[in-house]
There are 2 protein chains.
Amino acid sequence: MPSITRTAPDSEGNRRVVETAVYTAVRTLLDSGAKYTEISVQKILAEADISRSTFYAHFRDKSELLARMGRSLNQRFFDEATADAATIWDAVESPDGLQSITELLAKGVARHREHFSVLAAISETAAYDAAVNDFYTSGLEAFEARVRADLEKRLGSALTDSKLNARISAQVIVWGGEQAIAHHISTEDESQDADFAAELAAIWWYGAYNRRTESS
Amino acid sequence: MPSITRTAPDSEGNRRVVETAVYTAVRTLLDSGAKYTEISVQKILAEADISRSTFYAHFRDKSELLARMGRSLNQRFFDEATADAATIWDAVESPDGLQSITELLAKGVARHREHFSVLAAISETAAYDAAVNDFYTSGLEAFEARVRADLEKRLGSALTDSKLNARISAQVIVWGGEQAIAHHISTEDESQDADFAAELAAIWWYGAYNRRTESS
DNA sequence: CACCTACCGTACACTCTGTTCGACATAGTG
DNA sequence: CACTATGTCGAACAGAGTGTACGGTAGGTG
């Protein structure tokens, strides 16, 4: 038999054992203050206490590892977040959507803070790695579509400035908001979260969702 | 004489020759689509056609190179931008500051687009490199201070929602705005710049500078 | 017991980094 | 013109990290 680079583990169960060990190892390293870029595969191996060959049997490289980590995180974070969005966000057409958005952002910030080290690693790596960027981008694009749809609804009902450009506004809100949240968490204390959520919500609300121009 | 690691060039003139060669080499490589992280020192040497030892006589490493490149760019970009800000921004207390901000952003976006590859490299590298991050951060913090001061002025004159938190708003505006601009440029055509500037300006204006709450 | 699955450990080829140092080219000075 | 200082070149090297290859081994299963 020709030497086929060694097969990857196939049995559902055993797969999880190694991979979660790697995930927690990376989390530990990230939480200890290292940037993902600086963390070598060697350090991950040492921390997870597995061998080099085992690692490469499971992950193609460090990028795929991070992307997979992100995906596994999203299944109980992003999905959870979109669940919130579905319930709360719908109140967006109600008169005080501002409070809805504030609550939504407060939850979002809390979750973001909880997993901050991993999310920061993803955003950091997405800047130069195509695989991670694809993953990162697709997540935000989903939000963008949602925001845009809501803005268009409000435009249709004349609930905001008729000159508002829903597509561009949605981009500003989502991509700028993401960065604003990340920066807030990395520089401010948790005690500021409520104020931050309220302030960001107000900017979104009065700046786009419910924009009242001088003339109106 | 003991071998002191080889002195760095001292004469003003000759210094510039090598360094600008390196700068243009990096710019060429960035413009050709490569991410700064992926660009090895070797490639820079080849592109600039200088030797390894010469490079390290001028720059400590790739990070310092990028930070220096950024600084040299700022002397005729950031400074220029803050000059605009000084003249136009002051109109912020006038009734239609919205138009002032729109113009300011339009110029900012244009400049950002012109030097996009380098600015993207800086933001990309700042995410994991301390030296570049210091540089990147200090630039944005200057803007943040400016925005915050303006917001506080408007608060004092009761020109916006009395409940607005100037500190947090300034952070959202500057850090979120930076990301929004970067994302816009990397995904949208130049023809969209005017609409984008208007939309971002509107969000800033109605969301913070001139926020009108329901009750007022 | 024989077999298979999945991990271990070592070894290896390769790439990149940052340093060192002798050689050389050039320009200014006495 | 000879001397000297300056700055670049080129080659060599140690060290770190990456991804691959493959033989060996423990444990569960039929």
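Model, not experiment: these values are computed from the prediction. Quick note on labels: first sequence line is chain A, next is B, and so on, each numbered from 1.
With rounding to whole Å, A:Phe59 atom CZ is found 15 Å from D:dT20 atom P. Per the geometry, CD1 belonging to A:Ile44 stands 12 Å off P belonging to D:dG17, to the nearest Å. Computed from coordinates, the A:Arg16 CZ to C:dA6 C1' distance equals 17 Å when rounded to whole Å. Here the P atom of nucleotide D:dG19 and the CZ atom of A:Arg60 are 10 Å apart, to the nearest Å. The nearest whole Å value for the distance from the CG atom in A:Leu45 to the C1' atom in C:dC7 is 13 Å. Nucleotide C:dT19 holds its P atom 16 Å from the NZ atom of B:Lys62, rounded to whole Å.
For B:Asp49, there are no side-chain hydrogen bond (donor to acceptor under 3.5 Å, both in side chains) partners two or more places apart in sequence or in a different chain. Listed by chain and number, the residues in a side-chain hydrogen bond (donor to acceptor under 3.5 Å, both in side chains) with A:Thr137 are A:Asn133 (sequence neighbours excluded). For the salt bridge (Lys or Arg N to Asp or Glu O under 4.0 Å) test, residues two or more places apart in sequence or in another chain that qualify with A:Glu152 are A:Arg148. Remark: A:Glu199 pairs with B:Ser169, B:Arg211 by the side-chain hydrogen bond (donor to acceptor under 3.5 Å, both in side chains) rule, at least two apart or across chains. Residues satisfying the side-chain hydrogen bond (donor to acceptor under 3.5 Å, both in side chains) test with B:Glu188, not counting sequence neighbours, are A:Arg167, A:Gln171. Taking A:Arg27 as the reference, nothing meets the salt bridge (Lys or Arg N to Asp or Glu O under 4.0 Å) condition, with sequence neighbours excluded.
The aromatic rings of A:Trp205 and A:Tyr209 sit parallel to each other, their planes meeting at less than 30°, with 60° as the upper class boundary.
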Kindly indicate, with the supporting measurements, whether the criterion side chain to side chain contact (heavy atoms under 4.5 Å, CB included) is fulfilled by B:Glu178 and B:His183.
-> CA-CA 9 Å; B:Glu178 167 73 14; B:His183 178 255; over 6 Å; no
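Of the residues in residues 29-43 of chain B, those placing a heavy atom less than 4.0 Å from an atom of DNA chain C are B:Ser40, B:Val41, B:Gln42, in numerical order. Listed by residue number, A:Arg52, A:Ser53 are the residues of residues 47-54 of chain A with a heavy-atom contact under 4.0 Å to DNA chain D.
The shortest distance between the side-chain N/O atoms of B:His58 and the OP1/OP2 oxygens of D:dT8 is below 4.0 Å. In terms of phosphate contacts, B:Tyr56 brings no side-chain nitrogen or oxygen within less than 4.0 Å of OP1 or OP2 of C:dT19.
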Could you pull out every donor-acceptor pair under 3.5 Å between side chains of residues 118-130 of chain A and any protein atom, sequence neighbours left out?
residue  : atom : partner  : partner atom : Å
A:Glu124 : OE1  : A:Tyr36  : N            : 3.4
A:Glu124 : OE2  : A:Tyr36  : N            : 3.3
A:Glu124 : OE2  : A:Thr37  : N            : 2.8
A:Glu124 : OE2  : A:Thr37  : OG1          : 2.4
A:Thr125 : OG1  : A:Ala121 : O            : 2.8
A:Tyr128 : OH   : A:Thr37  : OG1          : 2.8
A:Asp129 : OD1  : A:Ala131 : N            : 2.9
A:Asp129 : OD1  : A:Val132 : N            : 3.0
A:Asp129 : OD2  : A:Ser63  : OG           : 2.5

